[in-house]
2 protein chains.
Amino acid sequence: MATTIDDVARAAGVSTSTVSYVLSGKRPISAPTRQRVERAIRDLGYRPHAGARALASSRTNVLALMAPLRVDVNVSVIMQFVTGVVTAARAFDHDVLLLTADEVAGMERVASGSMVDALVMMDIEADDPRIPVLVGLRQPAVLIGLPRDPEGLSCVDLDFEAAGRLAVRHLARRGHRRVALLGSPRAVLERHTSYADRMLRGFDQEVAGSGLEGVVEPCESSMAGAVEAVDRVLERLPDVTGVVVHNEVALPWVVATLRDRGRHVPDDVSVVAVCPPDVATNQPLPLTSVDIPAHTIGKVAVEMAMARVDRDEPAETRLLAPVLVERASTAAAVR
Amino acid sequence: MATTIDDVARAAGVSTSTVSYVLSGKRPISAPTRQRVERAIRDLGYRPHAGARALASSRTNVLALMAPLRVDVNVSVIMQFVTGVVTAARAFDHDVLLLTADEVAGMERVASGSMVDALVMMDIEADDPRIPVLVGLRQPAVLIGLPRDPEGLSCVDLDFEAAGRLAVRHLARRGHRRVALLGSPRAVLERHTSYADRMLRGFDQEVAGSGLEGVVEPCESSMAGAVEAVDRVLERLPDVTGVVVHNEVALPWVVATLRDRGRHVPDDVSVVAVCPPDVATNQPLPLTSVDIPAHTIGKVAVEMAMARVDRDEPAETRLLAPVLVERASTAAAVR
DNA sequence: GCGCGGTGTCGAACCGCTTCGACGTCGCGT
DNA sequence: ACGCGACGTCGAAGCGGTTCGACACCGCGC
């Protein structure tokens, strides 16, 4: 347990540097020597001391993930982001340090304390106050989301703007003329959270472009919020026939409320969800949905981070193209 | 950024050790000296290098959290555990390294690599294979859950056995004689996950103790699973009047299915949920529930871990007493 | 007036690993 | 036969802290 590289060197009859080179592969070591060293490592159960390694190499093999651990939002999407990040990180031999979003000083702390090689931030807002801080850091950062000005940071996300357009176009093609967006909670919109903003924009664009009539309602992430939002929509646009729902928690209640109000899905109202596929299918009626590939996004974020760490490649922005899967919740408008 | 303790010492006109003592408070420093040092630290924006500190002090100020990041189970409970752990850790000036449950080697890696001061494990099974590994580690570990044999490790959890009894007793007191437990998915039960096992045991105990008739059905975490489980219960015990549901995801579908099958809640069937309060209230009908204080459990886990790290107190097991809150889903049995 | 204990500060020895320059050895070409 | 480069290994100097023993200085009691 308390074995050091010196113990290994002694056991293998080589110098410590040789052991180090066997471990890192940064210099050629002859096969017999390498085998002796590897043997010693195994026999002694040796593990390099992370702190010592970090000190000497200024690489920690840890990356920070700042996740919004508030309970209100999109729990399962967040979970998938996180698993995506963690598994991808492991593929690069990195571990993940978890920071909460409300702890903005946390980034500073872990970064200037040299605890991490890179940072991944979720839940980016249009003018996120964390961005200037990130820019000043020694470590590269990747944003999951798209701020107004990335200031040279890498960004990755689903192209929510295109997703909004795609959802509306799907409805428009089926003859729907009056559509609604049931989106994020008001607080999320007021923060100008990136994904909510862009979704909204895409929705509006396509509504205008296709000459539809459209209303937008924020929607709290609760049953009550869903009911309210649906009722507001029905009030503002009584003969709505297409609804785009971008709120995982409210989703089941939206559909239930529509039915309660006498609108059959999909005969009277078509519903397009924007959510992970498992959420869309785990409903009484399998929902047509635009996938949020959270796991993939997390993975890509890590890849971009590592690309900068390992080969300091320049920052880039990647928006993943949305994919719509038609299920049972959308149908042609009856007229 | 690249400022070191030497820079600070130079700027303050003292030795590095003095700076160190100012930071740690482990030796008395006169007020004027301390102030000069603190000033220099602030002016230079100095942060100690985490690796160097870990190397010299063999304390990392990081603790590992192994969480089951599978998407299937109890997502929001897990989230609350995690936030509980993270916020509590911060209160002890620690950060949290996130490990996934499927990566058993991860504990070994972070522990013998001296990346963490302690480990917190979620989702413990009765004979968890990780336990022997944890016992061999240099760092203390805290289990969230209660294995058959803790082997000297600290444990903390809701007293699920008491929770099971409490839920049944609540129903029994209201005159219900035929009750059912809709519990965890089969896979979770087959792993003998601690909480599921204990819940089951408590349910059975109280059913026997109160002379009730009871059935137990596993329940997958999906709509389909909930429907199936409810139907199986209705088949096995057609005149069931009390149902205990210990499955957050299935919960809404269980209630919906009961209604679909013509059983009104609470007039025909009383439902007691075992879940966090927000889940219980965010339903069409506010549900009587036994609280799972996930946030608190996470917090206590960290406190126990830190107690062992800082003052190496002996391991202990703490089971939190369950609390039942009566809401609208339970009523007296009609006979 | 002198020794004594306490207080505050310093110097130096680590902590365990990486990395760079140096060096010995060998096989090759001429 | 000799020089030279390539290959494999070593030694030592950091990396940036912590901590322990030493020591200077002070006021105190006798």
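Quick note on labels: first sequence line is chain A, next is B, and so on, each numbered from 1. Source: prediction; values computed, not measured.
Panel note: side chain Thr193(B), backbone Val188(B); a donor-acceptor pair is recorded below 3.5 Å. Thr60(A) places a side-chain N or O within 3.5 Å of a backbone atom of Met115(A) that can act as its donor or acceptor partner. Distance alone, capped at 3.5 Å, places no donor-acceptor pair between the Asp43(A) side chain and the Ala40(A) backbone.
Within the structure, a side-chain polar atom (N or O) of Tyr46(A) is placed less than 4.0 Å from OP1 or OP2 of dC17(C). For dG16(C), the OP1/OP2 oxygens have no side-chain nitrogen or oxygen of Ser114(B) closer than 4.0 Å.
Legend: salt bridge (charged side-chain N to carboxylate O under 4.0 Å, His left out) pairs involving residues 77-89 of chain A, not counting sequence neighbours: none detected.
With no hydrogens or angles considered, no side-chain donor-acceptor pair links Ser194(B) and Arg148(B) at under 3.5 Å. Judged by distance alone, the side chains of Ser114(B) and Arg138(B) do bring a donor and an acceptor atom under 3.5 Å apart.
First and last contacting nucleotides of DNA chain D toward chain A (any atom under 4.0 angstrom from a heavy atom, 5' to 3' order): dG8(D) to dG16(D).
Applying the side chain to side chain contact (heavy atoms under 4.5 Å, CB included) test to Asp93(B) and every residue at least two apart in sequence or in another chain returns Asn61(B), Arg90(B). Legend: residues meeting side chain to side chain contact (heavy atoms under 4.5 Å, CB included) with Asp6(A), ordered by chain and number and at least two apart, are Thr4(A), Arg10(A), Thr16(A). Remark: Ala56(A) engages no residue in a side chain to side chain contact (heavy atoms under 4.5 Å, CB included) (not counting sequence neighbours). Residues meeting the side chain to side chain contact (heavy atoms under 4.5 Å, CB included) test with Pro293(B), sequence neighbours left out: Leu158(B), Asp291(B), Thr296(B), Ile297(B), Leu320(B).
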Quick one: side chains of residues 302-310 of chain B, donor-acceptor pairs under 3.5 Å with protein atoms, not counting sequence neighbours, listed by atom name and distance.
from: Arg308(B); atom 1: NE; to: Glu313(B); atom 2: O; distance (Å): 3.3
from: Asp310(B); atom 1: OD1; to: Arg59(B); atom 2: NH2; distance (Å): 2.8

Cut-off 3.5 Å, no hydrogens considered: what does the side-chain donor-acceptor table look like for residues 20-32 of chain A, sequence neighbours left out?
from: Ser24(A); atom 1: OG; to: Ser20(A); atom 2: O; distance (Å): 3.2
from: Ser24(A); atom 1: OG; to: Lys26(A); atom 2: N; distance (Å): 3.3
from: Ser30(A); atom 1: OG; to: Thr33(A); atom 2: OG1; distance (Å): 2.9

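Rounded to an integer number of Å, the gap from OH of Tyr21(B) to C1' of dG8(C) is 11 Å. Atom C1' of nucleotide dT7(C) and atom CD1 of Ile29(B) are separated by 10 Å, given to the nearest angstrom. Here dC17(C) presents its P atom at 14 Å from CE of Met115(B), a figure rounded to the nearest Å.
For the contact set between residues 6-18 of chain B and DNA chain D, defined by any heavy atom under 4.0 Å, the members are Ser17(B). DNA chain D is contacted by Pro48(B), His49(B), Ala52(B), Arg53(B), Leu55(B), Ala56(B), Ser57(B) of residues 48-58 of chain B, taking any non-hydrogen atom closer than 4.0 Å.
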Anything under 3.5 Å between a protein N or O and an N or O of nucleotides 26-28 of chain C, put it in a table, one pair a line.
none

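Distance check: Leu98(B) CG to Leu69(B) CG gives 5.5 Å after rounding to the nearest 0.5 Å.
No side-chain heavy atom of His295(A) sits less than 4.5 Å from a side-chain heavy atom of Phe81(A). No side-chain heavy atom of Val96(B) sits under 4.5 Å from any side-chain heavy atom of Leu97(A).
Side-chain proximity of Ile5(A) to the nucleotides dT18(C), dC10(C), dT19(C) is greatest for dT18(C).
Rounded to 10°, the helix from dG1(C)-dC30(D) to dT30(C)-dA1(D) has 50° between the axis fitted to its first five pairs and the one fitted to its last five.
Here the shortest heavy-atom pairing between Pro147(A) and Pro150(A) reads CG-CA, 3.7 Å.
Using a 4.0 Å heavy-atom cutoff across all strands shown, Ser30(B) reaches sugar-phosphate atoms only and no base atom.
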